[in-house]
There are 2 protein chains.
Amino acid sequence: MKEIEQRLSDNGVRPTAMRLLIYKYLAEKETATSLTDIEIVFAKAERTTLYRTLRTFEEKKIVHQIDDGTGIQKYALCEPGCDCSLEQDLHLHFHCNNCDETVCLTEHKIPHINLPEGYVTEDANLVLKGICEKCSGH
Amino acid sequence: MKEIEQRLSDNGVRPTAMRLLIYKYLAEKETATSLTDIEIVFAKAERTTLYRTLRTFEEKKIVHQIDDGTGIQKYALCEPGCDCSLEQDLHLHFHCNNCDETVCLTEHKIPHINLPEGYVTEDANLVLKGICEKCSGH
DNA sequence: TGACCTATGCAACGGAAGTGCATTTAGTGA
DNA sequence: TCACTAAATGCACTTCCGTTGCATAGGTCA
């Protein structure tokens, strides 16, 4: 818990009890997390608090937001030292059509694409959809 | 208008007046279209009708749905002969952060990615975000 | 013409994101 | 230690968009 406290402080986020718990939950989870997921786990807490916690984490680069095409915003912890706003740190995400979970594939960066003149790329999102390793049985 | 009628019939969609108008609108528009966009243009028509028309078009492969990360579903006409459910026909989309429009870059297919064993890819979505050619002034 | 199926219109629901404001909590300095 | 201040939390709403159920209109074919 001490390390988490440190991590939050380092990123300019006051380490409150709630925030530590949410961080811990995200750290233990292997898949991307929606607000609703967290809401269910921390049923006692206020929706808004959880919502704002995630937003704060995102602003302070502790988590990155994931758009996996389900229409529901998901979040996952950033790797230490990763700056998800930089093109070279953009990795792809995999959404399983079977278990409905989304995972970060941080090893797989989004390939650079050459666009016609005039287009300036600032950000990119690549989501692959299919069956994940757990569901395919490998 | 005759060609549109033919196009709809060929795809198993009854060419009603409403549908012809919507198709025409989509054909003349260069950017991806949301339900709300259409709703504004066809103010006299019912939201639900427009909604269901788009869904029908999508089912019958007349349009493809686009998830550009704005959280709002967009649609664009499929190229004739294109089957957007096939991996080789998947193209990328570009969303302009300035004018907020999304365009299909049908020339640019999504590169194939080799995933770890166990992952089975069925679908993919790649969205680049930045400034489009119109907004960048080139 | 009459039966039938499909398209359209109307009304309402539900999930998720987001906001305004009051209240509590936790740091800061005298 | 106490008071002050700012940030975090809790509560009540709102809005936006997608979606569905059911009644009605309209087109098609026997």
Side-chain angles (χ1 to χ4, degrees), chain A residues 1 4-25 32-60 62-76 95 100 102, chain B residues 1 4-25 32-60 62-76 95 100 102:
Chain A
M1 223 53 174
I4 300 183
E5 221 172 306
Q6 193 59 46
R7 178 82 204 276
L8 294 189
S9 298
D10 289 351
N11 287 63
V13 173
R14 218 147 84 178
T16 67
M18 194 75 254
R19 287 169 174 176
L20 291 172
L21 287 174
I22 294 176
Y23 188 101
K24 189 156 170 286
Y25 174 69
T33 308
S34 71
L35 175 58
T36 307
D37 290 337
I38 296 187
E39 217 185 326
I40 292 169
V41 175
F42 299 95
K44 280 173 258 172
E46 245 312 290
R47 215 188 135 62
T48 320
T49 305
L50 302 174
Y51 169 72
R52 284 198 255 238
T53 301
L54 288 175
R55 279 247 299 229
T56 304
F57 280 6
E58 197 205 346
E59 279 164 23
K60 297 304 169 63
I62 293 170
V63 303
H64 60 280
Q65 209 183 65
I66 301 167
D67 167 30
D68 63 3
T70 59
I72 296 165
Q73 289 175 212
K74 308 258 170 78
Y75 301 84
H95 177 76
D100 208 45
T102 300
Chain B
M1 221 58 174
I4 300 181
E5 221 172 305
Q6 192 59 47
R7 178 85 204 275
L8 294 188
S9 299
D10 289 351
N11 287 63
V13 173
R14 213 148 85 181
T16 67
M18 193 76 254
R19 286 170 177 176
L20 290 172
L21 286 174
I22 294 176
Y23 188 101
K24 190 158 169 287
Y25 175 69
T33 308
S34 71
L35 176 58
T36 306
D37 291 337
I38 296 188
E39 219 184 326
I40 292 168
V41 175
F42 299 95
K44 283 172 257 174
E46 245 311 291
R47 210 186 137 66
T48 322
T49 306
L50 302 174
Y51 168 72
R52 284 198 256 239
T53 300
L54 288 174
R55 278 248 299 230
T56 304
F57 281 6
E58 196 203 348
E59 278 165 23
K60 298 304 169 62
I62 294 170
V63 303
H64 61 279
Q65 208 183 66
I66 301 167
D67 166 30
D68 63 3
T70 59
I72 296 166
Q73 289 175 211
K74 307 257 170 78
Y75 301 85
H95 177 76
D100 207 45
T102 300

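Since the model is a prediction, treat every value here as computed from it, not as a measurement. Each chain gets a letter, A, B and so on, in the order the sequences are listed, and its residues count up from 1.
One atom, CD1 of B:I72, and another, P of D:dG18, lie 7 Å apart when rounded to the nearest Å. Rounded to a whole Å, the CD atom of A:E39 is 13 Å from the P atom of D:dC11. Atom CG of A:D37 is separated from atom C1' of C:dA16 by 13 Å (rounded to the nearest Å). When rounded to the nearest whole Å, the span between CG of B:L54 and P of D:dC17 equals 14 Å. Nucleotide D:dG27 holds its C1' atom 6 Å from the CZ atom of B:R14, rounded to whole Å. If you take CZ of A:F42 and C1' of D:dA8, they are 16 Å apart, rounded to a whole angstrom. The nearest whole Å value for the distance from the CD atom in A:Q73 to the P atom in C:dA16 is 11 Å. Going from atom CD of A:E46 over to atom P of C:dT25 covers 15 Å, rounded to whole Å.
Not one N or O on the side chain of B:D68 forms a donor-acceptor pair closer than 3.5 Å with the backbone of B:T102. In this structure a side-chain-to-backbone donor-acceptor pair under 3.5 Å is present from A:D37 to A:S34. No donor-acceptor distance shorter than 3.5 angstrom exists from the side chain of B:H64 to the backbone of B:E58, with no hydrogens or angles considered.
Listed pair A:T16 / D:dT9 meets the phosphate criterion, a side-chain N or O lying under 4.0 Å from OP1 or OP2. Within the structure, a side-chain polar atom (N or O) of B:R19 is placed less than 4.0 Å from OP1 or OP2 of C:dA7. At least one side-chain nitrogen or oxygen of B:T49 sits closer than 4.0 Å to the OP1 or OP2 atom of C:dG9. For D:dT19, one of the phosphate oxygens OP1 or OP2 lies less than 4.0 angstrom from a side-chain nitrogen or oxygen of B:Y51.
You'll find a donor-acceptor pair under 3.5 Å spanning the side chain of B:R47 and the base of D:dG18, going by distance alone. With hydrogens and angles ignored, a donor-acceptor pair under 3.5 angstrom links the side chain of B:R52 to the base of D:dG21. Interface remark: the B:T36 side chain does not form any donor-acceptor pair with the D:dC16 base, using a distance-only criterion of under 3.5 Å. In this model, no side-chain donor or acceptor of B:S34 finds a partner on the base of D:dC17 within 3.5 Å.
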TODO: Kindly determine whether B:I72 and B:T36 satisfy side chain to side chain contact (heavy atoms under 4.5 Å, CB included), including the steps that lead there.
DONE: CA-CA 9 Å; B:I72 296 166; B:T36 306; 5.5 Å; no
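Donor-acceptor pairing under 3.5 Å is recorded for the side chains of B:Y51 and B:R55.
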